[in-house]
Amino acid sequence: PNAQKQLQPGTSVVVQSPPSHQVLRTGVPVLILVFGPTENAKDIRWKKMFDRCSAMRTDPELDGKVFLNLSVEEWAAAVAALPRSPLADALADSAGYGALSGGDGKGGAADPHGGRALLDRTVVAVAALPPGGGKSSLFQSLAHLGWEVVSSDLERTRSGNFDATLARLLRACPMVCYDKNVPDVPALARLCRVLRAAEAQHGLRIRVLLVVPDR
């Protein structure tokens, strides 16, 4: 890949030359893993590039961290030091009892409101897709196949409440499309919270099919 093409938050890329400052200006901290040449490497250019990447560790303009030739133990320690993901917090926020909270997937979970069997629901959502990526076309195709679509744009146009409409349709319909942008982890965490609330309110077990681009 081109080392001079600007990176996007939430993505990873493998390059074979040191990235420029412009490339690394993503708006969020960048994690750079540098793997140096082997000891018997004959091309001096590899060593020079490794030295340039090493110098980035003390670069005041870099928003992020540089790790050189990490061992498995060092990598585990670096990951353990990361702040807790908001997605993990969202999954622990409430005492949900459906698929989002680890249901058995066999229809055997019980509804705490009277011991009723939970109603199975499936939600399709699209994450990390840029504008024009085909989300609306996908949901239109699913609508023709009988899926219900909850659109944030439509709710905004008619001054509706997206979360309330979603919960209402989930109560009545087995297959629902979540037509709202999910660009990052906080938005994904919000999706989990909204669906867990619907599970608890209506005695549902919700399975999420998350569609993401392959690059």
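Side chains included, hydrogens not; waters and symmetry mates left out as well; all remaining heavy atoms used.
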Quiz item: Given V34 and V66, is the side chain to side chain contact (heavy atoms under 4.5 Å, CB included) satisfied, shown in steps?
Solution: CA-CA 7 Å; V34 183; V66 178; 3.8 Å; yes
Self-check item: Nearest heavy-atom neighbours spanning G134 and L129
Solution: N-CD2, 4.0 Å
Quiz prompt | Spacing of OG1 belonging to T122 relative to CZ belonging to R207, to within rounding of 0.5 Å | solution = 4.0 Å
Quiz prompt | Contact list for residues 176-185, test salt bridge (Lys or Arg N to Asp or Glu O under 4.0 Å), sequence neighbours left out | solution = K135-D179
Practice problem: Please test V124 against L210 for side chain to side chain contact (heavy atoms under 4.5 Å, CB included), starting from the C-alpha separation and ending with a verdict. | Solution: CA-CA 6 Å; V124 172; L210 192 64; over 6 Å; no
Quiz item: What closest approach, in Å, do I206 and E199 show between heavy atoms, and which atom pair accounts for it?
Solution: N-OE2, 2.9 Å
Practice problem: Working to the nearest 0.5 Å, report the span between CG of L68 and CE of M56. | Solution: 10.5 Å
Quiz prompt | Spatial distance of atom CG (D153) from atom OG (S136) [nearest 0.5 Å] | solution = 7.0 Å
Quiz item: Is there a salt bridge (charged side-chain N to carboxylate O under 4.0 Å, His left out) between R193 and D163 once you walk through the steps?
Solution: CA-CA 10 Å; R193 286 194 296 268; D163 293 352; over 6 Å; no
Exercise. Provide the full list of ring pair (Phe, Tyr, Trp, His ring centres under 6.0 Å) pairs with a residue in residues 129-161, sequence neighbours left out, each pair given once.
Key: none
Quiz item: Considering residues, nucleotides and ligands other than R45, do more than 12 of their heavy atoms fall under 6.0 Å from its CZ?
Solution: no
Quiz item: Got a second to check how far R168's CZ is from Q201's CD, nearest 0.5 Å?
Solution: 12.0 Å
Quiz item: Do R52 and D59 sit within salt-bridge range, that is, some charged N less than 4.0 Å from a carboxylate O?
Solution: no
Self-check item: Distance-minimising heavy-atom pair for S17 and M49
Solution: CA-SD, 3.7 Å
Exercise. Specify the closest pair of heavy atoms between V211 and L138, including all atoms of both residues, with the distance to one decimal.
Key: CG2-CD2, 4.4 Å
Self-check item: Linked, directly or transitively: V208 and V149 (ILVMFWY side chains, under 4.5 Å)
Solution: no
Practice problem: Test side chain to side chain donor-acceptor pair (under 3.5 Å) on E155 and S152 and set out the steps. | Solution: CA-CA 5 Å; E155 293 302 315; S152 59; over 6 Å; no
Practice problem: Kindly work out whether a path of hydrophobic side-chain contacts (I/L/V/M/F/W/Y, heavy atoms less than 4.5 Å apart) joins W46 to F35. | Solution: no
Exercise. Give the cluster check for V182 versus L195: same hydrophobic cluster or not, with ILVMFWY residues linked at side-chain heavy-atom distances below 4.5 Å.
Key: yes
Quiz item: ring pair (Phe, Tyr, Trp, His ring centres under 6.0 Å): which pairs involve residues 156-181, sequence neighbours left out?
Solution: F162-Y178
Quiz item: In chain order, what residues pass the salt bridge (charged side-chain N to carboxylate O under 4.0 Å, His left out) check against E148, with sequence neighbours excluded?
Solution: none
Quiz item: Quick one: salt bridge (charged side-chain N to carboxylate O under 4.0 Å, His left out) partners of K47, sequence neighbours excluded?
Solution: D51
Quiz item: Roughly how far, to the nearest 0.5 Å, is CG of L33 from NZ of K65?
Solution: 12.5 Å
Practice problem: Answer with yes or no whether the hydrophobic clustering places L166 together with L119; edges join I, L, V, M, F, W, Y residues whose side-chain heavy atoms lie under 4.5 Å apart. | Solution: yes
Self-check item: L62 reachable from V15 in the ILVMFWY side-chain graph, under 4.5 Å edges
Solution: yes
Quiz item: Roughly how far apart are L204 CG and R196 CZ, rounded to 0.5 Å?
Solution: 13.0 Å
Practice problem: Would you tell me whether S137 and Q140 have side-chain atoms, one donor and one acceptor, within less than 3.5 Å of each other? | Solution: no
Exercise. Would you please name every residue forming a ring-ring contact (aromatic ring centres under 6.0 Å, His included) with F50, sequence neighbours left out?
Key: none
Practice problem: Show your working on side chain to side chain contact (heavy atoms under 4.5 Å, CB included) between V150 and V176 and close with a plain yes or no. | Solution: CA-CA 7 Å; V150 185; V176 177; 3.8 Å; yes
Quiz prompt | Short side-chain to backbone donor-acceptor contact, N181 and P183, under 3.5 Å | solution = no
